[in-house]
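To start, the structure itself, in structure tokens.
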Amino acid sequence: MEEADILVIGSGIGALSVAGQLCKHKRKVTVITKGLKKACNSSLAQGGISVALSKEDDYHYHYEDTMAAGCNLNDPEAVMKLVSTAPGVIKEFIESGMVFDKDEKGELAFGREAAHRLNRVIHAGGDKTGLRVVEQLIRNLTTDVTVKQNEMALDLRVKDGKCCGVITRDDKGEKHIYHANYTILATGGIGQLYPSTSNDVTITGDGLAMAYRAGAKLKNLEFIQFHPTMLTIDGNAYGLVSEACRGAGGILVNEKGERIMEGVHPMKDLAPRDVVARQVYAHTLKGEKIYLDISAVKDFKKKFPTVTSICEEHGVDPDDGKIPVAPGAHFHMGGVEATTEGLTSVEGLYAVGEVACTGVHGANRLASNSLLEGIVFGKLLADYILTHPKKTENFPEEPIKTKLKSLPTKAEIREKMMEFVGIVRHEKKMLDILDWFKQYMPNGEDFTRIDPDSATNEETELYNMVTAGYLIAKAAFSRKESIGAHFIKED
Ligand code: SIN
């Protein structure tokens, strides 16, 4: 048995933000991550952080834009908490050493992304914001934080609605049982359930599946944001082409150079992401190729070094002015129901970042609100822990008899998810995928807890994928109207 006061599962911005705030107060934190510590969606994030810090901005405008992007399905209090706390938290982050890009006057430079009424997005290193933020947060950690890499969380230790830690297995096959006073899920979203995604390879819905098995309430799982512009060649996606490229003047065109967002939405190429993603998708379904025309973007390579290197690695020269694109799964608005301080319905279990659903994003997330969410709600969770001392009872592990059944491949899961619960959904088809998933329930009735020794880490990951896929399909089937990222086409 290993002891941890505060145990964080995951290593993205939410995880590092909580750990960084707690270690300032000399609290001991153990961070467990399935891959290397920088292997997370936050490191890949090209967009920036939206925050009402410019002279012409006001957090009430940020509130209104966030609510409008989320189709007003957001939790208004959670949104207000996010946008009003953000300016102070970001200023504090800058004081801790974080350097954001500046304009020619040496002031913070604010960029534009979809559905923001004014320039509100701050960046670091152009499109390297996520990586720079992660690096700074890692620099801010002290020796009170222990980071365990290449160790996968297999299941939460739960009894009678209380969580007292986690069972993990490292890459040498050794199992570890942790007792913790606070167990925090910061495992990110579910992007790898889809064939094209901007997400890191480690992002397979593990937190969602574990929380479900622990009996935690889940919320809004049907809302999955597809990013309209992944660099896509011959149907294969190779990385994100940031929306900031459209903010800087990029436009979406077909093979004839005709604009595809003309007449579709008043904000054209900067319409909300679900609208743009559906339009690009509709064209690609007809067999057309869609490009991001960047010929009007000055200094593209300097402004977008990450997009440039992804393009060049795959034989696309941005100087030609055209990048082939198609949509890919990007962000999960739904997740483990949590307060803005990270409390879930299971005592002792907390959730922060993309795995959590605080209701802040509603039916569709406003661009660059996710790094912000990780930093701000990470701090609020740390503040909660600092002001709520807690000793969690350590329950003995009870043996589980249920063993894993044979599972589909990742490719099979991804193909089904895209066809049945992808960008466009059909009510009847969603029933079919539910039946398909049900055959993988180990006891024929549910995606229950399994004997952790009956599955390798890879099999546990697949089990988490079928569990998360099933839960997403079930939520999608239950929501009968199209709203935000959940779009149903009548047959
Ligand atoms: C992007 O750079 O387009 C992504 C930004 C975000 O998802 O917030």
Side-chain angles (χ1 to χ4, degrees), residues 12-14 40-51 62 65-66 69-70 82-83 86 90 100-101 110-116 119-134 188-191 194 196-200 203 223-232 237-252 267 269-277 280 292 294 297 300 303-311 323 325-333 353-354 360-362 364-376 484-485:
I13 196 164
C40 56
N41 280 350
S42 305
S43 295
L44 297 177
Q46 295 175 13
I49 298 182
S50 54
V51 57
H62 190 183
D65 291 351
T66 302
L82 178 73
V83 298
I90 297 301
F100 288 103
D101 296 344
F110 295 92
R112 175 71 65 96
E113 283 179 26
H116 286 274
N119 292 8
R120 177 183 291 136
V121 183
I122 54 173
H123 293 91
D127 58 9
K128 290 189 193 298
T129 312
L131 186 61
R132 294 274 170 93
V133 168
V134 165
I190 49 82
Y194 289 87
S196 287
T197 179
S198 59
N199 287 197
D200 187 76
I203 306 299
F223 296 118
I224 294 157
Q225 182 176 81
F226 284 80
H227 196 288
T229 56
M230 300 281 304
L231 168 67
T232 305
Y238 295 107
L240 194 68
V241 179
S242 176
E243 194 161 71
C245 302
R246 277 175 282 136
I251 52 171
L252 289 159
M267 292 178 88
D269 299 88
L270 287 176
R273 272 187 199 162
D274 60 312
V275 178
V276 185
V280 178
L292 185 68
I294 49 163
V297 183
F300 184 88
K303 282 185 191 143
F304 300 104
T306 309
V307 177
T308 299
S309 73
I310 295 171
C311 285
I323 302 175
V325 292
H330 184 54
F331 187 85
H332 198 192
M333 276 70 74
E354 191 173 344
V360 87
H361 304 301
N364 202 1
R365 177 178 61 89
L366 183 69
S368 287
N369 263 357
S370 53
L371 292 180
L372 180 71
E373 174 189 22
I375 295 195
V376 173

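Numbering of ligands and ligand atoms starts at 1, following listing order.
For Asp127 against Pro305, the heavy-atom pair with the smallest separation is OD1-CD, 3.3 Å.
Between the Asp65 side chain and the Leu366 main chain, no donor and acceptor come within less than 3.5 Å of each other.
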Yes or no on side chain to side chain contact (heavy atoms under 4.5 Å, CB included) for Cys245 and Phe300, after CA distance, side-chain angles and deciding distance? CA-CA 8 Å; Cys245 302; Phe300 184 88; 3.8 Å; yes
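Against a heavy-atom cut-off of under 4.0 Å, Glu113 is close to the following atoms of ligand 1: 5 (C). Taking every non-hydrogen atom of Arg365 and a distance limit under 4.0 Å, the qualifying atoms of ligand 1 come out as 6 (C), 7 (O), 8 (O). Listed by atom number, the atoms of ligand 1 under 4.0 Å from Ser242 heavy atoms are 1 (C), 2 (O), 3 (O). Per-residue contacts place His227 under 4.0 angstrom from the following atoms of ligand 1 (heavy atoms of the residue considered): 1 (C), 3 (O), 4 (C). Counting the atoms of ligand 1 from 1 in the order shown, those under 4.0 Å from a heavy atom of His330 are 4 (C), 6 (C), 7 (O). Close contacts of ligand 1 with Ser368, meaning ligand atoms under 4.0 Å from a residue heavy atom, involve 6 (C), 8 (O). For ligand 1, the atoms closer than 4.0 angstrom to any heavy atom of Ala367 are 8 (O).
Classified by interplanar angle (parallel below 30°, tilted 30° to 60°, perpendicular above 60°), the ring pair His330/His227 is perpendicular.
Closest heavy-atom approach to atom 5 (C) of ligand 1 among the candidates His123, Arg273, Glu243: Arg273.
For the ligand labelled ligand 1, residue Gln225 lies outside the 4.0 Å heavy-atom shell.
A donor atom on one side chain and an acceptor atom on the other are not found under 3.5 Å apart for His123 and Thr129. Residues His361 and Gln225 bring no donor and acceptor atom of their side chains to less than 3.5 Å of each other. Inspection of the Ser368 and Glu113 side chains reveals an N or O donor paired with an N or O acceptor under 3.5 Å.
Considering backbone and side-chain atoms alike, Gly47 places an N or O below 3.5 Å from some N or O of ligand 1.
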